[in-house]
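Scroll down for the structure; my scribbles are underneath it.
Because the structure is a prediction, the values reported are computed rather than measured.
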Amino acid sequence: MSVETGTDPTTDPATDSTSVNAETATAASASTEPATPAAPSSVTMTKALNQALRDSLAADDTVLVFGEDVGRLGGVFRVTEGLRAEFGSNRVWDSPLAESGIIGTAIGMAMNGMRPVVEMQFDAYAYPAFEQIVSHVAKMRNRTKGRVSLPITIRIPYAGDIGGVEHHSDSSEAYWTSTPGLTVVTPSNPADAYSLLRESIASDDPVVFMEPKSRYWMKETLSLPVTTAPMNRAQVIREGTDVTLLAYGPTVRTALDSAEAGAEHGLSIEVIDLRTLSPFDDETVSASVRKTSRAAIIHEAAQFGGYGAEVAARLTERNFTHLSAPILRVAGFDVPYPSPKLEEFYLPTVERVLDALESWDWEL
C-alpha cells in the first residue's frame, strides 16, 4: 500500500482560487440543521466516521479537517472521502508530509478559536509529532491555568491484522494514556465510531481518537446519526458470571468470539468494551470484576509496560479482596510488530485467551 503520495499544491487555497471559490459556494450551502436519522442500513466503520466528520463540519464552521492525503484522495482508508468537494479546501485540505507541522498548525488554530480534526494516517506516523502532542497539546490548559483550551481531535488509525508492514501496525495507546491532559478514545463498532467521534470533536479538551484499522470494514445495521453511551463510559456488551474479559478497539471482536467459545465449555464470560482508555471507567469495570471475581484484558500491544498492566494494577488495588485469581493479560509479544506473514502468530487469538483462562486454579 502506498501512503506517502505527496501533497498536490493545487489543494492550497492560495494556488487554486477558482476551485476554492466553487468549493466555498458548495460549503456555504451545506445544511447546519440537525440531521434527520436515515433509514437503517448496513454501515461500515469507515462510513460512520466519514458521516461523523461530515455532520461535524456542517454543524460548526470552526471545525477543520486536514492531514496527509485527506483532501483529494479522501484518505488512505477513504474516511475523508468527499469532504473536500463538499466543504471546500478552506476547511478540508492536504497538509505537507510533516506530522509535527500538522500538530503545530492545529495548536495555533485551536488557540485562535478553531476545532481542528487532524489525521496521522498511520499509528507510527504520529511519532514525529510526539513532542508537540505531549509537551503542548496535553499541557496547554494546565500551563495557562485554564485560560487556553485546545479542542483538537487527533485521529490515529492503529493496530494490525491488515497485512501491514513496519510503521503501519503499531498499538501506541500506552504512550497517549500515560500522558495527563489527553483523552484517549477507541471505538470497536460503527455506531460508537460515529457517536464517539462527534463527541470528541465537540470536546473542549484534546482527544486522541484511535481507529482500529482492521475494523474499518466491519458492518452494522444502524441509522445515522446515532448517539451511543457517552465518552468516558465502558459498556458491558455481553453478560456473564464466571470471568470479566476486558477489551477495546480491535480486540473486542476477539473477546466476544472467546466468550462464545467459552460458553461451549460451560464458561460464562462477561465482556466489557472499554471504549475510552483514559480516563478509565473504574465504576463499570470494578462492578463487573466484583461480580465475577476474575478478570483478563486483551490488547494487541506488547505486554511489557502495555495498557493492560495499568488496568490490572487499578483493578487489583480497588478490588483485591474480591478477586479469586490474579488478573491476566493476553497481549502481543514483546517484539517489534512482525511482517505480514507472521502477524497471525503475534496477535491475540481465541485460543490464547481460552488457554490463559484455563491457567487459573478454578477450585479457588
Distance-only side-chain donor-acceptor flag, [X] / [Y], under 3.5 Å:
| X | Y | value |
| --- | --- | --- |
| Thr244 | Thr292 | yes |
| Ser278 | Thr177 | no |
| His168 | Tyr337 | no |
| Glu270 | Ser288 | yes |
| Asn319 | Ser286 | yes |
| Arg198 | Ser56 | yes |
| Asp204 | Ser149 | no |
| Glu173 | Tyr248 | yes |
| Ser195 | Asp192 | no |
| Asp60 | Thr62 | yes |

Discussion item. For Thr254 and Asp257: C-alpha separation, side-chain torsions, deciding distance, then whether side chain to side chain donor-acceptor pair (under 3.5 Å) applies.
Written reply: CA-CA 5 Å; Thr254 307; Asp257 290 344; 6.0 Å; no

Could you check if a side-chain atom of [X] sits within less than 4.5 angstrom of a side-chain atom of [Y], using non-hydrogen atoms only?
| X | Y | answer |
| --- | --- | --- |
| Leu357 | Val330 | no |
| Glu300 | Pro250 | yes |
| Leu274 | Tyr307 | yes |
| Ile272 | Gln235 | no |
| Ile102 | Met120 | yes |
| Ile298 | Val353 | yes |
| Val252 | Leu256 | yes |
| Leu245 | Ser258 | yes |

Check [X] against [Y] and note the closest heavy-atom contact, atom names and distance.
| X | Y | result |
| --- | --- | --- |
| Arg72 | Asp94 | N-OD2, 3.6 Å |
| Pro230 | Arg275 | O-NH1, 3.0 Å |
| Tyr346 | Ala302 | OH-N, 3.7 Å |
| Arg115 | Ile201 | NH1-O, 3.2 Å |
| Thr186 | Met210 | OG1-O, 3.0 Å |
| Pro190 | Ala48 | O-CB, 3.2 Å |

Worksheet entry | CA sep, side-chain torsions, deciding dist, call: Val134, Tyr175, side-chain contact (heavy atoms from CB on, under 4.5 Å) | CA-CA 9 Å; Val134 171; Tyr175 297 143; over 6 Å; no

Does the [X] side chain pair with the main chain of [Y], one donor and one acceptor, at a distance under 3.5 Å?
| X | Y | answer |
| --- | --- | --- |
| Thr251 | Ala247 | no |
| His265 | Leu267 | no |
| Thr80 | Gly74 | yes |
| Asn50 | Val79 | yes |
| Thr179 | Leu182 | no |

Discussion item. For Phe333, does the six-membered ring have the charged nitrogen or CZ of Arg352 within the cation-pi criterion, i.e. under 6.0 angstrom from the centroid and within 45° of the normal?
Written reply: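 Arg352 over Phe333 ring: yes.
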
Discussion item. Can you confirm if the NZ or CZ of Arg294 lies within 45° of the ring axis of Trp360 and under 6.0 Å from the centre of its six-membered ring?
Written reply: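 Because its charged atom sits under 6.0 Å from the ring centre and within 45° of the axis, Arg294 does stack over Trp360.
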
Shared ILVMFWY cluster between [X] and [Y], side chains joined below 4.5 angstrom?
| X | Y | value |
| --- | --- | --- |
| Val137 | Phe66 | yes |
| Val165 | Val76 | no |
| Leu315 | Val236 | yes |

Practice prompt. Walk me through it: do Asp170 and Tyr127 pass the test side-chain contact (heavy atoms from CB on, under 4.5 Å)?
Written response: CA-CA 11 Å; Asp170 279 17; Tyr127 300 155; 2.7 Å; yes

Fill in: Plane angle bin for Trp176 and Phe130 - parallel if under 30°, tilted between 30 and 60°, otherwise perpendicular
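Phe130 and Trp176: tilted rings.
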
Worksheet item: Using 30° and 60° as the class limits, which term best fits the ring planes of Tyr216 and Phe77: parallel, tilted or perpendicular?
Response: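 Taking Phe77 first and then Tyr216, their aromatic rings sit tilted (interplane angle of 30° to 60°).
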
Tell me whether [X] is salt-bridged to [Y], with the criterion being a basic N under 4.0 Å from an acidic carboxylate O.
| X | Y | result |
| --- | --- | --- |
| Glu220 | Arg215 | no |
| Asp123 | Lys213 | yes |
| Glu86 | Arg54 | yes |

Within this structure, what is the [atom1]-[atom2] distance for the pair [X] and [Y], rounded to the nearest 0.5 Å?
| X | Y | atom1 | atom2 | answer |
| --- | --- | --- | --- | --- |
| Met140 | Asp205 | CE | CG | 13.0 Å |
| Leu57 | Arg84 | CG | CZ | 13.5 Å |
| Thr321 | Leu323 | OG1 | CG | 8.0 Å |

Worksheet item: Which residues satisfy the salt bridge (Lys or Arg N to Asp or Glu O under 4.0 Å) test with Arg318, sequence neighbours excluded?
Response: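 Listed in chain order: Asp282.
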
Worksheet item: Does the pair Ile154 and Ile103 meet the rule for a side-chain contact (heavy atoms from CB on, under 4.5 Å), with working shown?
Response: CA-CA 8 Å; Ile154 304 170; Ile103 296 298; 4.0 Å; yes

Worksheet item: In terms of heavy-atom contacts, does CD of Glu283 have more than 12 from other residues, nucleotides or ligands at under 6.0 Å?
Response: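 No - once you tally the heavy atoms of other residues, nucleotides and ligands closer than 6.0 Å, there are 12 at most.
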
Discussion item. Surrounding NE2 of His322 (heavy atoms of other residues, nucleotides or ligands, distance under 6.0 Å), is the total greater than 12?
Written reply: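 Buried by this count: over 12 neighbours within 6.0 Å.
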
Worksheet item: Does the pair Phe209 and Leu49 meet the rule for a side-chain contact (heavy atoms from CB on, under 4.5 Å), with working shown?
Response: CA-CA 11 Å; Phe209 193 88; Leu49 293 167; 3.7 Å; yes

Item to complete: Check Leu224, Thr221, Leu222 against Pro40 for a side chain to side chain contact (heavy atoms under 4.5 Å, CB included) and give me the one that passes.
Response: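 Among Leu224, Thr221, Leu222, the one that satisfies the side chain to side chain contact (heavy atoms under 4.5 Å, CB included) with Pro40 is Thr221.
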
